[in-house]
Protein chains: 2
Amino acid sequence: MQVSLAETIQPLAPDSRLPRYQQLRDRLAALIADGTLRPGEALPSETAIAADHGLAPGTVRKAIDLLEQAGLVERQQGRGTFVRRADFAHSLFRFFRHTGPDGAVLKPEGRLLSRRRQRAGKTEAARLAVAPGTELLHLRRLRLAGGRPLLYERIWLEAARFAPLAELPLAEWDDLLYPLYERACGRLVARARDTLGTARADRETARMLGVEPGEVVIEIARVAFGYDGRPLEYRVSRGPAEAFSYSVEIR
Amino acid sequence: MQVSLAETIQPLAPDSRLPRYQQLRDRLAALIADGTLRPGEALPSETAIAADHGLAPGTVRKAIDLLEQAGLVERQQGRGTFVRRADFAHSLFRFFRHTGPDGAVLKPEGRLLSRRRQRAGKTEAARLAVAPGTELLHLRRLRLAGGRPLLYERIWLEAARFAPLAELPLAEWDDLLYPLYERACGRLVARARDTLGTARADRETARMLGVEPGEVVIEIARVAFGYDGRPLEYRVSRGPAEAFSYSVEIR
DNA sequence: AAGTGGTCTAGACCACCTA
DNA sequence: AGGTGGTCTAGACCACTTG
């Protein structure tokens with residue numbers, strides 16, 4: 001009795017010390033994280049959620065406000081609230097100038113250079129939060145804009161979670177990897193953290209990017225995370241210094 | 001009659017088509033912009049604002065939510081809501097590693113190298129939104145962390161708005177400029193936009209930063225804006241490429 | 001026409017800070 | 001003790017999208 005009553009009155013309770021709108025936010029975020037609510041899918045209406053949980057509409061509204069601010073959902077007036085699909089299409093290119101002389105945005109391309117299995121070293125293991133020695137899939141890739149090489153990328157994935165990629169025919173590789181991760185492996189990227197720095201071009205990087213060996217290049221180390229918050233991909237991208245350009249707003 | 005009635009019922013009305021909470025936000029933002037409410041000062045309480053404007057407390061609350069999200073005010077439970085003072089103390093250093101071998105944050109220093117009057121060229125005029133030829137104050141400055149040069153800066157200010165700086169004894173120049181702008185000239189910086197890129201070190205830059213001439217350095221072009229949205233300062237800072245490090249969260 | 005999110009009201013009570 | 005912001009309720013009406 002006690003249990004069902006508690007569920008009727010307050011079916012949230014991951015941490016009852018928190019305000020109810022935060023409990024509801026966490027509950028909805030968990031549904032998104034575990035795939036119960038998939039990207040593009042609609043949440044129940046605010047009134048429906050309110051009725052289900054015995055909350056006032058205003059409380060539900062505030063919970064969804066937070067999800068929207070966190071970038072997990074998107075409201076559309078008159079239609080509903082939808083789980084947001086992260087769009088990383090040009091996320092690395094945004095660090096570099098990639099417009100032609102006429103100002104038009106150049107079409108980005110992605111070419112897979114190599115694919116092989118590899119055991120995780122210390123760095124990759126730390127970034128992917130796996131044990132050193134774990135079997136990984138290692139990709140090398142060149143990204144171009146308007147035919148000019150803009151990024152030389154090395155990518156590490158946990159082999160067990162991306163098994164289909166090891167066999168995928170080269171013809172089926174796309175210009176963009178994240179849609180491929182979803183299509184072939186059901187792995188969704190929710191967010192990523194990019195760390196910018198510089199490096200000296202080794203012989204291979206220099207050849208790929210068309211710069212002098214030893215020259216300074218921009219290096220972007222990225223860890224991409226799934227909706228469950230676990231690292232999915234570790235990627236190190238390098239691009240020519242003179243194409244680098246990035247703006248930040250400071251408050 | 002019509003006018004006073006309208007003022008009683010709806011004393012906001014910068015644009016009556018907008019929701020009331022947005023009108024109220026704009027009204028409060030204007031009070032901050034024109035200095036009626038100074039940084040550190042408290043806003044009237046939410047209930048007082050509601051009573052003054054004939055609004056429900058919830059509507060006032062939403063307006064202040066927006067101001068808080070925009071970074072203009074800061075709420076403190078039990079105390080009140082205060083106009084936020086932007087803190088740029090380490091804002092440029094955050095693009096560079098500046099911790100010692102033990103991980104301790106190194107004390108930043110600022111040294112004024114030169115100060116002179118100059119007429120605005122095309123670039124400075126565009127960035128500061130003044131006419132070319134306008135008289136400017138030009139500063140050159142070196143910033144150090146733990147005694148190592150980290151940034152060589154060139155700064156342009158509209159002379160008419162920063163007159164006291166032209167005469168200020170060198171002994172009174174601080175490590176940080178923005179507090180000085182406020183103290184000496186009453187000019188407050190509200191936000192800034194930094195654009196990162198690279199450049200080749202000319203002889204002077206190379207000597208200042210201790211790198212080879214022709215070497216790639218990181219260049220940060222900043223325009224700082226006042227609370228009224230007008231540009232206050234244009235600044236170009238250069239730092240050694242190998243100390244560059246910056247993280248961004250992507251969604 | 002029906003359903004959705006968007007705006008707005010008018011309260012109640014709580015948690016926190018200051019004095 | 002009194003005032004502040006923080007949470008929550010229970011509605012009303014509007015604007016927009018879709019069938």
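Residue numbering restarts at 1 for every chain, and letters A, B, ... go by the order of the sequence lines. Please read these numbers as outputs of a predicted model, since none were measured by experiment.
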Legend entry - Close approaches to DNA chain D from residues 71-82 of chain A, in residue order (heavy atom, under 4.0 Å): Gln77(A), Gly78(A), Arg79(A)
Once you round it to whole Å, what is the distance between [atom2] of [N] and [atom1] of [X]?
X        : N       : atom1 : atom2 : answer
Ile64(B) : dT4(D)  : CD1   : C1'   : 11 Å
Leu24(B) : dT7(C)  : CG    : C1'   : 14 Å
Leu43(B) : dG5(D)  : CG    : P     : 8 Å
Glu68(B) : dG5(D)  : CD    : P     : 11 Å
Asp65(A) : dT7(D)  : CG    : P     : 12 Å
Gln23(A) : dC8(D)  : CD    : C1'   : 13 Å
Arg20(A) : dC13(C) : CZ    : P     : 15 Å

Please state whether the phosphate of [N], meaning OP1 or OP2, lies under 4.0 angstrom from any side-chain nitrogen or oxygen of [X].
X        : N      : answer
Thr47(A) : dG3(C) : no
Lys62(A) : dT7(D) : yes
Tyr21(B) : dT7(C) : yes
Arg61(B) : dC8(C) : no

Inset, instruction - Tell me which nucleotide among dG5(D), dT7(D), dG6(C) gets nearest to the side chain of Glu46(B). - result: dG5(D)
Inset, instruction - Please say which of Val189(A), Leu165(A), Ile155(A) ends up in a side-chain contact (heavy atoms from CB on, under 4.5 Å) with Leu177(A). - result: Ile155(A)
Legend entry - Carboxylate-amine/guanidinium proximity below 4.0 Å for Arg85(B) and Glu182(B): yes
Inset, instruction - Please work out which of the three classes, parallel, tilted or perpendicular, describes the rings of Tyr234(B) and Trp156(B), given edges at 30° and 60°. - result: parallel
Inset, instruction - Would you check if Tyr21(A) and Arg61(A) make a side-chain contact, meaning some heavy-atom pair closer than 4.5 Å? - result: no
Legend entry - Note, Gln23(A) side chain near Asp26(A) side chain (heavy atom, < 4.5 Å): no
Inset, instruction - For Arg111(B), look at atom CZ and say whether over 12 heavy atoms of other residues, nucleotides or ligands are found less than 6.0 Å away. - result: no
Inset, instruction - Would you check if the distance from the ring center of Phe162(B) to the ring center of Tyr181(B) is below 6.0 Å? - result: yes
Legend entry - First encountered from the 5' end of DNA chain D, between Pro57(A) and Gln22(A): Gln22(A)
